[in-house]
Amino acid sequence: MSYIISANVSSVKVDGESIPGLQSIEFKITRNRRNVHHIGIDERIGVDYGPIFVYGVLKVRSSYPKFDEMLLAKPEDVKPFQLVLELKRGPATVKTITFDDCYLEEKTFTMDANGVGITIYTFTATRVREQ
């Protein structure tokens with residue numbers, strides 16, 4: 001069944017805490033795949049699947065101090081976090097997407113001509129669960 005999700009009532013939480021100033025979230029799930037060919041035939045006879053990779057981007061107006069602290073932490077102090085995306089249609093939750101064992105990869109800061117600073121945080125996750 002198809003739903004129209006409302007961004008203004010949906011939420012994104014990091015370890016149970018909403019991200020203030022969140023502008024957008026994007027994520028991509030890819031599965032490593034290899035074609036299997038038989039000797040002497042140029043057509044594929046099967047597919048071999050490997051691991052899943054989860055990569056995401058969060059855009060936050062100004063910055064998110066919790067992520068800034070994580071990025072600047074000493075290597076021995078780096079801890080994974082959980083990201084939960086609750087997609088809603090009105091007051092009802094349509095789908096919950098949970099990203100487990102997330103780690104920040106990088107941070108980029110941009111400022112447009114209007115003077116609004118946007119920080120872009122990229123993350124990876126060990127797994128994604130959709131409910």
Is the shortest heavy-atom distance from the side chain of Asn32 to the side chain of Tyr49 under 4.5 Å?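 No, their side chains stay 4.5 Å or more apart.
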[atom1]/[X]: more than 12 non-hydrogen atoms of other groups inside 6.0 Å:
X	atom1	answer
Lys66	NZ	yes
Glu43	CD	no
Ile45	CD1	yes
Phe109	CZ	yes

Please give me the minimum heavy-atom distance between [X] and [Y], naming the atom from each residue.
X	Y	value
Arg31	Gly50	NH1-O, 3.4 Å
Glu130	Lys95	OE1-NZ, 3.0 Å
Gly90	Ser6	N-OG, 4.3 Å
Asp101	Pro80	CA-CB, 3.9 Å
Ser10	Lys88	OG-N, 2.9 Å
Lys79	Glu76	NZ-O, 4.3 Å

Starting at [atom1] of [X], measure out to [atom2] of [Y] and round the result to the nearest 0.5 Å.
X	Y	atom1	atom2	result
Ile5	Leu87	CD1	CG	5.0 Å
His37	Arg44	NE2	CZ	8.0 Å
Ser11	Glu17	OG	CD	12.5 Å

[X] side-chain N/O to [Y] backbone N/O, donor-acceptor pair under 3.5 Å:
X	Y	value
Thr122	Glu106	yes
Glu86	Val84	no
Thr119	Ser62	yes

Using the rule that Ile, Leu, Val, Met, Phe, Trp and Tyr join whenever any side-chain heavy atoms are under 4.5 Å apart, tell me whether [X] and [Y] fall into a single cluster.
X	Y	answer
Ile29	Tyr55	no
Val116	Leu22	no
Val14	Ile120	no
Leu104	Leu58	yes
Leu85	Val9	no

Just one of Leu83, Ile97, Val57, Val60 clears the side-chain contact (heavy atoms from CB on, under 4.5 Å) bar with Ile25, so which one?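 When side-chain contact (heavy atoms from CB on, under 4.5 Å) is applied between Ile25 and each of Leu83, Ile97, Val57, Val60, only Leu83 qualifies.
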Any side-chain donor near an acceptor of the partner, [X] and [Y], under 3.5 Å:
X	Y	value
Thr96	Gln131	no
Asp100	Gln82	yes
Tyr64	Glu69	no

Is the closest basic N to carboxylate O distance between Arg33 and Asp48 below 4.0 Å?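 Judged by the 4.0 Å cut-off on N to carboxylate O distance, Arg33 and Asp48 do not form a salt bridge.
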Derivation and outcome, salt bridge (charged side-chain N to carboxylate O under 4.0 Å, His left out), residues Glu26 and Lys59: CA-CA 9 Å; Glu26 302 168 30; Lys59 294 181 183 177; 3.7 Å; yes
Can you tell me which residue among Tyr121, Phe67, Tyr103 is in a ring pair (Phe, Tyr, Trp, His ring centres under 6.0 Å) with Phe81?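 Running ring pair (Phe, Tyr, Trp, His ring centres under 6.0 Å) over Tyr121, Phe67, Tyr103 with Phe81 returns exactly one hit, Phe67.
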Intermediate values then yes/no, side-chain contact (heavy atoms from CB on, under 4.5 Å), Gln23 and Ile118: CA-CA 9 Å; Gln23 298 298 298; Ile118 300 288; 4.0 Å; yes
Can the ring centres of Phe123 and Phe99 be said to be less than 6.0 Å apart?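 Between Phe123 and Phe99, the centre distance is under 6.0 Å.
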